[in-house]
Amino acid sequence: MVERKFCEEFSPGYYGICTVGGMLSAGTTHLAVTPLDVLKVNMQVNPIKYSSISSGFSALWREQGPSSLWRGWSGKFFGYGVQGGCKFGLYEYFKGLYANVLVDQNRTFIFFLSSASAQVFADVALCPFEAIKVRVQTQPTYAKGLVDGFPKLYKTEGLVGFYKGLCPLWGRNLPFSMIMFSTFEHSVDFIYRSIIKRRKEDCSRAQQVGVTCLAGYAAGAVGTIVSNPADVIVSSLYNKKAENVLQAVKKIGLVNLFTRSLPVRITLVGPVVTLQWFFYDTIKVLCGLPTSGGLNRQLQEANLSP
């Protein structure tokens, strides 16, 4: 039975499907874990009061009510939806572009460069939403969400206020994205080559999506550890705990940069990344496209080194 394809791989329609898939997968998964994100940001800004996951949830529930756990949901859904569309769609585009141009480079370099290029644009799109989200989550009286948050921030800080955290955001998300996509790609290759010992094309769609989930969790866990310091700095800057990156590093301390809110971030990011890859590849499969991982056939025949 021939599977119906909505479009050919690496066509404009293909990149469109990848973009829509990225938007839906990232937006919905980030929305689902909003309570954990609210706790994470408050632990970063006020680590003494919110010292652990259990006590942090109790304090938020007791002092601000259950609705406080969903504060900033609109920034999560729309902001990370837009970011996810750019990240996944542009990654697929840049991966094909660089692999065709940089034929003498190994796969890891292509994965790094492609994910970094995509993330630069994705974070520019995310930054205004993130600026509102963090303020809403940590300052209960600031605004209710995006509708009243955007005009208030623009009135008080101007356009600069929306992009104050762009460099730290790049500092957090560029390493995360580079490590995440590269780990995912190599994990997919390892699972097929060393565990299943069959080509992806010889496996069922269900098996392929299962491989995607395993590789996605590994990618999320590794990326979380690498990006934790910048994530802590972003929260500090947005809540005016520091005026610049250097001041934030001095106030927080080197050890705390790597450890503060790390358990909740691992709890948060691991499942989120896994679900993102699951939904993303499910959308691709429903459109008759192969699951993610690997380079196209022509590039594989070029015998690029690992």
Side-chain angles (χ1 to χ4, degrees), residues 26-81 83 126-157 161-162 164-165 168-169 172 224 227-243 247-253 255-272 275:
T28 53
T29 51
H30 276 282
L31 175 64
V33 295
T34 297
L36 280 171
D37 188 61
V38 172
L39 176 61
K40 179 208 73 172
V41 172
N42 280 279
M43 289 177 72
Q44 292 171 338
V45 174
N46 195 344
I48 296 176
K49 183 176 181 180
Y50 304 100
S51 57
S52 68
I53 295 177
S54 58
S55 64
F57 273 130
S58 297
L60 285 169
W61 187 287
R62 182 176 62 255
E63 296 176 8
Q64 302 178 31
S67 62
S68 66
L69 298 178
W70 292 96
R71 190 176 292 130
W73 69 266
S74 57
K76 291 284 287 180
F77 180 69
F78 293 107
Y80 283 90
Q83 186 211 40
L126 167 67
C127 203
F129 296 92
E130 185 78 354
I132 302 299
K133 178 189 75 72
V134 173
R135 286 171 172 83
V136 169
Q137 290 178 337
T138 58
Q139 303 171 34
T141 60
Y142 184 81
K144 293 181 179 180
L146 296 178
V147 175
D148 54 341
F150 272 124
K152 183 173 184 177
L153 181 58
Y154 183 76
K155 183 178 180 180
T156 55
E157 300 185 38
F162 291 106
K164 181 186 293 184
L169 204 59
R172 177 189 74 184
T224 299
S227 64
N228 199 68
D231 189 58
V232 175
I233 292 172
V234 167
S235 295
S236 179
L237 289 176
Y238 277 141
N239 285 277
K240 299 182 178 179
K241 298 291 183 178
E243 294 299 322
Q247 188 179 100
V249 172
K250 289 180 180 179
K251 282 189 173 183
I252 297 168
V255 174
N256 287 332
L257 283 175
F258 286 92
T259 59
R260 183 175 292 178
S261 75
L262 183 60
V264 72
R265 281 198 77 223
I266 291 177
T267 304
L268 172 70
V269 178
V272 165
L275 286 173

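Please read these numbers as outputs of a predicted model, since none were measured by experiment.
Arg71 places no side-chain N or O within donor-acceptor distance of the main-chain N or O of Ser67, the cut-off being under 3.5 Å. In terms of modelled atom types and a separation under 3.5 Å, the side chain of Asn42 and the main chain of Thr138 share no donor-acceptor contact.
Enclosure of atom NZ in Lys144 is not indicated, since only 12 or fewer non-hydrogen atoms of other residues, nucleotides or ligands lie within 6.0 angstrom.
Residues Thr259 and Asn256 are in side-chain contact: their nearest non-hydrogen atoms beyond the backbone lie under 4.5 Å apart. The side-chain heavy atoms of Leu262 and Thr224, taken from C-beta on, include a pair separated by under 4.5 Å. Side-chain contact between Met43 and Arg260 is absent, with no heavy atoms from C-beta onward closer than 4.5 Å. Side-chain contact between Asp37 and Gln137 is present, with at least one heavy-atom pair separated by less than 4.5 Å. Within the 4.5 Å cutoff, the side chain of Pro35 has heavy atoms near those of the Trp70 side chain. No side-chain heavy atom of Thr29 sits under 4.5 Å from any side-chain heavy atom of Leu31. Under the 4.5 Å side-chain criterion, counting only non-hydrogen atoms from C-beta, Ile132 is in contact with Leu153.
Atoms CD and CZ, on Glu130 and Arg135 in that order, are 10.5 Å from each other to the nearest 0.5 Å. How far NZ of Lys40 is from CD1 of Ile53: 12.5 Å, rounded to the nearest 0.5 Å. The line from CG of Leu39 to OH of Tyr50 is 9.0 Å long, rounded to the nearest 0.5 Å.
Partners of Ser58 under the side-chain contact (heavy atoms from CB on, under 4.5 Å) rule, at least two apart in sequence or in another chain, are Arg62. By the side-chain contact (heavy atoms from CB on, under 4.5 Å) test, Ser227 is found to be paired with Arg172, Phe176, Arg265, residues two or more places apart in sequence or in another chain being considered.
A side-chain contact (heavy atoms from CB on, under 4.5 Å) with Ile233 is found for one member of Leu169, Asn228, Leu257 and no other, namely Leu257.
The minimum heavy-atom distance linking Gly165 with Cys127 is given by the pair C-SG, 4.1 Å. Minimum heavy-atom separation, Gly161 to Ala131: O-CB, 4.0 Å. Residue Ser52 comes nearest to Ser55 through the heavy atom pair OG-OG, 2.7 Å, listed as atom of the first residue, atom of the second, then distance. Contact between Glu63 and Lys49 at its shortest, heavy atoms only, is OE1-NZ, 2.6 Å. Here the shortest heavy-atom pairing between Ser74 and Leu146 reads OG-CG, 3.3 Å. Of all heavy-atom pairs between Ala230 and Pro168, the closest is CB-O, 3.8 Å.
For residues 131-155, the set of pairs meeting the ring pair (Phe, Tyr, Trp, His ring centres under 6.0 Å) definition, not counting sequence neighbours, comprises Phe129-Phe150, Phe150-Phe162.
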